[in-house]
Amino acid sequence: MLQGLVQQAPVPSYSQLLEQLRNGSVRDLELSTRRREVRVTYTDGRTVTVPVFSNDQVLLRSAQEARVPLTVRDDRRDEATAGLVSNILLLVLLFGGLALLIRRSSQVANRAMGFGRSQARVQPEGSVTVRFEDVAGINEAKEELQEVVTFLKEPERFTAVGAKIPKGVLLVGPPGTGKTLLAKAIAGEAGVPFFSMAASEFVELFVGVGASRVRDLFRKAKEKAPCIIFIDEIDAVGRQRGAGIGGGNDEREQTLNQLLTEMDGFAENSGVILLAATNRPDVLDAALTRPGRFDRQIHVDLPDRKGREAILAVHARSRPLDPEVSLGDWASRTPGFSGADLSNLLNEAAILTARRGQPTLDDQVLNDALERITMGLTVAPLQDSAKKRLIAYHEVGHALLTTLLPAADRLDKVTLLPRSGGVGGFARTMPDEDVLDSGLISKAYLRARMVVAMGGRAAELVVFGPSEVTQGASGDLELVSRIGREMVTRYGFSSLGPVALEGDAHEVFLGRDWLRSEPHYSRETGNRIDAQVRGLAVEALSQAVALLTPRRALMDALVEQLIEQETIDGDQFRAIVERHEVAPAEAVAGLVQLPC
Ligand code: ADP
């Protein structure tokens with residue numbers, strides 16, 4: 001046994017302990033009153049702990065009689081220390097937990113408070129690099145807005161003569177026409193900060209957030225006045241109140257109300273000018289467009305040919321153009337393109353140029369970029385097969401009719417190179433610039449468009465017979481029905497007379513009432529409309545068939561050429577048609593006189 005190790009003795013009972021005291025086998029005792037136990041050390045060195053009574057007089061007396069030394073241990077201090085330590089530990093734990101909880105909840109609260117803050121992007125003064133010279137092709141809008149720049153730069157000139165600076169300017173126009181760019185240019189020219197935000201960013205899941213964001217935006221803007229606030233797509237919050245299915249949307253209406261209040265609230269000539277953009281001014285709430293709010297409306301339309309040339313020139317500034325490229329020609333080839341489309345065209349061309357390792361952007365690259373944008377990516381050409389021949393006849397049908405009909409669009413090219421999205425080939429036409437710019441479309445033009453659209457189906461009928469026609473013309477039929485319906489119900493181009501039976505298509509979610517979108521005519525009139533539309537379509541198809549049937553040989557020749565070349569451009573196509581036409585041009589014109 002190891003020395004120094006205290007040996008434990010078997011625990012005696014209380015009476016045995018008293019007996020052991022009496023017979024002298026105990027050396028000493030140590031009493032712990034609090035724990036009610038006594039530690040016994042025997043004469044042979046062994047120890048044992050025996051439970052005793054509290055205030056045990058018998059044990060005291062027995063120890064005294066046996067002359068065994070008895071010490072009383074004071075263990076109160078030990079216990080107090082232990083208690084203190086455990087209490088402190090508990091407190092530390094408690095405070096730690098509490099601090100953690102508070103931190104967590106304050107993070108949540110911070111996030112919740114941040115909801116109400118506006119998410120506007122701010123460009124401080126001097127950091128807007130756009131100038132009026134970067135905006136091209138929309139000169140009227142630019143001139144009107146020039147005034148706003150002067151308002152911001154020299155307000156005294158206007159206030160001195162009692163003129164009120166406009167609070168809001170509404171920019172109205174299709175997407176991509178440069179509304180945002182114009183707003184930035186104003187800030188850039190005037191050298192003021194530019195706050196911009198899309199109206200949809202106001203509206204949140206929670207009611208009231210939009211309103212508080214509007215308040216926050218105006219507060220920030222007022223601090224930075226003079227400045228410009230630009231709200232894109234204002235129709236997202238500015239739609240007529242109380243409209244739509246179920247009467248409207250609380251959050252949107254509260255946001256709009258707040259916007260109206262803020263616009264009323266900022267003092268005249270405070271230097272904050274609100275610019276907003278939309279392409280649906282008709283759905284805006286009347287309260288927004290009344291004087292004192294958005295009292296100016298500026299139309300930013302799609303650019304005309306000159307405008308497109310100017311926009312191309314702006315975007316060509318930073319790109320190396322081949323000297324051969326004529327921007328005027330490209331402007332002619334891109335009718336209906338917006339500024340954003342034109343900028344995209346040059347960008348696509350630049351990407352292709354870089355990919356091909358060319359030093360400059362040439363006509364070929366611009367042509368490829370245009371086709372990529374308008375028709376999608378090219379896919380591998382079809383092998384010479386029955387399918388390819390059928391597509392060729394279909395496209396030649398369209399192309400031949402558009403060439404023959406004087407009122408129709410001019411053929412730009414016809415191709416058999418397929419595009420992604422299931423397009424096997426296409427005949428591309430160029431709308432007449434005058435028609436496009438004036439916005440006036442004649443009955444003869446619409447009828448010619450219907451006949452040209454039927455060209456594909458007619459060619460299939462003439463060449464392959466009625467049982468072999470394909471569904472490939474479904475898109476064409478849709479177009480024909482749409483034109484026919486508009487002719488009958490909107491333009492008064494039918495025997496139903498000069499009545500407008502339908503207006504512009506209204507979408508119920510854009511601030512129109514569900515009930516109001518019901519037609520205003522009787523069921524009987526509805527049937528007559530359908531009959532008229534069908535009549536127009538049938539007539540267009542028979543016109544197309546009548547024009548193509550005697551030109552079967554010409555169609556065959558064109559198809560052979562197209563299959564061989566894959567693409568025939570407009571001029572070449574017209575030359576072939578002219579060579580093959582047996583009848584002189586007048587006869588052609590006579591033949592294609594459409595009954596009106
Ligand atoms: P909107 O706000 O009308 O939808 P943007 O102003 O955002 O259109 O135009 C998008 C981009 O198109 C512009 O950044 C610019 O590169 C180009 N763009 C549009 N219109 C013009 C224009 N008139 N002149 C020059 N670039 C234009």
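All residue numbers refer to positions in the sequence shown, counting from 1. Note that the structure is predicted; figures quoted are calculated from it, not measured. Below, all heavy atoms of this structure are taken into account, side chains as well, without hydrogens, waters or symmetry copies. One-based numbering, in listed order, for ligands and for the atoms of each.
F493 is linked by a ring-ring contact (aromatic ring centres under 6.0 Å, His included) to Y491, counting only residues two or more places apart in sequence or in another chain.
For ligand 1, one of its N or O atoms has an N or O atom of G178 under 3.5 Å away. Between P175 and ligand 1, a contact under 3.5 Å exists for no N or O pair. Residue D232 places no N or O, backbone or side chain, under 3.5 Å from any N or O of ligand 1. For ligand 1, the polar-atom distance check against V314 finds no nitrogen or oxygen pair separated by under 3.5 Å. Considering backbone and side-chain atoms alike, G137 places every N or O at 3.5 Å or more from each N or O of ligand 1.
For K142 (side chain) and V135 (main-chain N/O), a donor-acceptor pair under 3.5 Å exists by modelled atom type. In terms of modelled atom types and a separation under 3.5 Å, the side chain of E324 and the main chain of D363 share no donor-acceptor contact. The backbone N or O of P174 lies less than 3.5 Å from a partner atom in the side chain of K179, making a donor-acceptor pair. Side chain of E395 to main chain of A427: a donor-acceptor pair is present (N/O by atom type, distance under 3.5 Å, no hydrogens or angles).
Distances below 4.0 Å separate heavy atoms of V135 from the following atoms of ligand 1: 23 (N), 24 (N). Every atom of ligand 1 with a heavy atom of I138 under 4.0 Å away is listed here by number and element: 23 (N).
Salt-bridge annotation for D368 and R356: present, with a side-chain N of the basic residue lying under 4.0 Å from a carboxylate O of the acidic one. Electrostatic pairing of D134 and R131 does not count as a salt bridge here, judged by no charged N lying under 4.0 Å from a carboxylate O. One finds no salt bridge joining R428 and D569 here, because no Lys/Arg side-chain nitrogen approaches an Asp/Glu carboxylate oxygen to under 4.0 Å. A salt bridge links R219 to E223: at least one charged side-chain nitrogen sits closer than 4.0 Å to a carboxylate oxygen. Between K220 and D216 there is a salt bridge, since a side-chain N of the basic residue sits under 4.0 Å from a carboxylate O of the acidic one.
Residue, atom and distance of the protein heavy atom nearest to atom 13 (C) of ligand 1 are L181 CD1, 4.1 Å. What sits closest to atom 10 (C) of ligand 1 on the protein, heavy atoms only, is A340 CB, 4.0 Å. When hydrogens are left out, the protein atom nearest atom 4 (O) of ligand 1 is G176 N, 2.8 Å; that is the closest non-hydrogen contact. With respect to atom 22 (C) of ligand 1, the closest heavy atom belonging to the protein is A136 O, 3.5 Å. Among protein heavy atoms, the minimum distance from atom 26 (N) of ligand 1 is reached at H315 NE2, 2.8 Å. When only non-hydrogen protein atoms are considered, atom 18 (N) of ligand 1 lies nearest to G339 C, 3.6 Å.
Counting heavy atoms under 4.0 Å from ligand 1, residue T180 touches it through both backbone and side chain. Contacts between D134 and ligand 1 below 4.0 angstrom, taking non-hydrogen atoms only, involve the backbone exclusively. If you look at I311 next to ligand 1, the close heavy atoms, those under 4.0 Å, all belong to the side chain.
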